[in-house]
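Following: one structure in structure tokens, then a few remarks.
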Amino acid sequence: MRRFCLVCAIGITISAFVGLAQPTPGGGPYKVSKTVKVGGVGTFDTVLADTVGRRLYIPRKNPGRIMVFNLDTLEPVGEIPDAAANGAVVDSKSGHGFASSKPVVMWDTKTLKTIKTIEVQGGPDAILFDPFNERVYIFSHTSPHATAINAVDGSVVGTLDLGGMPEQAVTDGKGHVYVDIRDTDKVAVIDAKTLTVSAQYGLGGKGGRCSGLAIDVKNQILFAGCREPQTMVMLSAVDGKILNALPIGSGVDSAIFNPRTMETYSAQVDGTLTIIKEKSPTTFVVEQTLQTKESAKQMAWDDKTNRILLIAADYDPAPAPPAGKAAGRGPMVAGSFSILVVTK
């Protein structure tokens, strides 16, 4: 989730992949309707929309804290200090929030005050709340790859090995958790009741280095956003059968399914938002490729207002890399960190 990849071989990769065409920019219903510059120093990774509590959580590092905004106005309402995290989740039932920091920070969602910190192993990265049994999953690129925490009291339920480096995870709310495994090009299936891996779905070469995952719960379809090749792979959540694959932008890092419109959104570091329409459980099309802003690779969806919220910043030119090394990313321009609002 944390890695930037501004690879410029999009055309070669996609055209070589079973003749898929490039996604066509523009020409659709979505637009960037507002950009709110909120500033603040430090790096960023993910964003969480608490649509019940009407708050927006954005973890920042260097220094570590979680910026909290009013979800409706995008005005700041506070910060959760000492939380150098990549992600955050909220359990509306217990009123507890959790950050994928080390140690994990648990807070009261009403007061934003820290309740406790929870020691975990590995290197916390992605995070998921599963309402099925009120557990928080902390994912790590190193073993143990997943730690399950009771959202009510913050106790560690157990850990498990996923066979590789986990990225985005989703739940069907019925006892199954699905996780992108980036380095094995698979989707791991976790049995939430037994806290065991019940299956590993391979992508059959249709996608690789996947970092985004979304789910259509009703039709039991997974949408895996992949980087090599740059595709969205649709597969059955029941048995892993590949249904289709469509081209997306470069450097996908998040995916969300909108059950109202039957659309899947994927956000890419190259500044594109790809919208894929599910016309039927077996028919999918690229509906639109919206130009957003370079670095806008993470997003949240407000299901009450149907807004997509992306986070991004401006960067100065990168210094010349050492011989034989790829160019990196320049320093963030001071005060440029922004929230982009996408609407129809």
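Computed over heavy atoms, backbone and side chain alike; hydrogens, waters and symmetry mates excluded.
Residues Asn86 and Lys61 have side chains that bring a donor and an acceptor to within less than 3.5 angstrom of each other. Thr73 and Glu75 share no donor-acceptor pair across their side chains, judged by distance under 3.5 Å alone. At a cut-off of 3.5 Å, with distance as the only test, a side-chain donor of Thr274 or Gln268 sits close to an acceptor on the other residue.
Residue Gly78 comes nearest to Leu112 through the heavy atom pair CA-CD1, 4.2 Å, listed as atom of the first residue, atom of the second, then distance.
The ring-ring contact (aromatic ring centres under 6.0 Å, His included) analysis of residues 205-230, with sequence neighbours excluded, yields the pairs Phe223-Phe257, Phe223-Phe284. The stretch residues 193-205 participates, sequence neighbours left out, in these side chain to side chain donor-acceptor pair (under 3.5 Å) pairs: Thr194-Thr196.
Under the ring-ring contact (aromatic ring centres under 6.0 Å, His included) criterion, Tyr57 pairs with Trp107, sequence neighbours left out. Considering only residues two or more places apart in sequence or on other chains, Lys218 meets the side chain to side chain contact (heavy atoms under 4.5 Å, CB included) condition with Asp216. Evaluation of the side chain to side chain contact (heavy atoms under 4.5 Å, CB included) rule for Thr35 yields Val32, Ser338, Leu340 as partners, not counting sequence neighbours. Remark: Ile256 engages Tyr265, Met299, Trp301 in a side chain to side chain contact (heavy atoms under 4.5 Å, CB included) (not counting sequence neighbours).
Counting only heavy atoms from C-beta outward, the side chains of Ile118 and Phe98 approach each other to under 4.5 Å. At a threshold of 4.5 Å between non-hydrogen side-chain atoms, the residues Asn219 and Glu278 count as touching. Taking 4.5 Å as the limit, some side-chain heavy atom of Thr343 sits within range of a side-chain heavy atom of Lys31. Taking 4.5 Å as the limit, every side-chain heavy atom of Gln121 sits out of range of all side-chain heavy atoms of Thr142.
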For this session: Show your reasoning for whether salt bridge (Lys or Arg N to Asp or Glu O under 4.0 Å) applies to Lys297 and Asp45.
Result: CA-CA 8 Å; Lys297 64 189 178 76; Asp45 191 358; 3.3 Å; yes
For this session: Given side-chain contact (heavy atoms from CB on, under 4.5 Å), test Val170 with Val217 step by step and report yes or no.
Result: CA-CA 10 Å; Val170 293; Val217 173; over 6 Å; no
Exercise. Stepwise, does the side-chain contact (heavy atoms from CB on, under 4.5 Å) test hold for Lys186 with Leu162?
Worked result: CA-CA 10 Å; Lys186 293 181 179 180; Leu162 298 176; over 6 Å; no
Problem set entry | Working for side-chain contact (heavy atoms from CB on, under 4.5 Å), residues Asp172 and Phe132 | CA-CA 8 Å; Asp172 65 2; Phe132 172 74; over 6 Å; no
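Heavy-atom contacts from other residues, nucleotides or ligands closer than 6.0 Å to NZ of Lys304 number more than 12.
Rounding to the nearest 0.5 Å gives a distance of 12.0 Å between CG of Asp253 and SG of Cys210.
Tested against Arg182, the residues Ser211, Pro166, Cys226 include a single side chain to side chain contact (heavy atoms under 4.5 Å, CB included) partner, Ser211.
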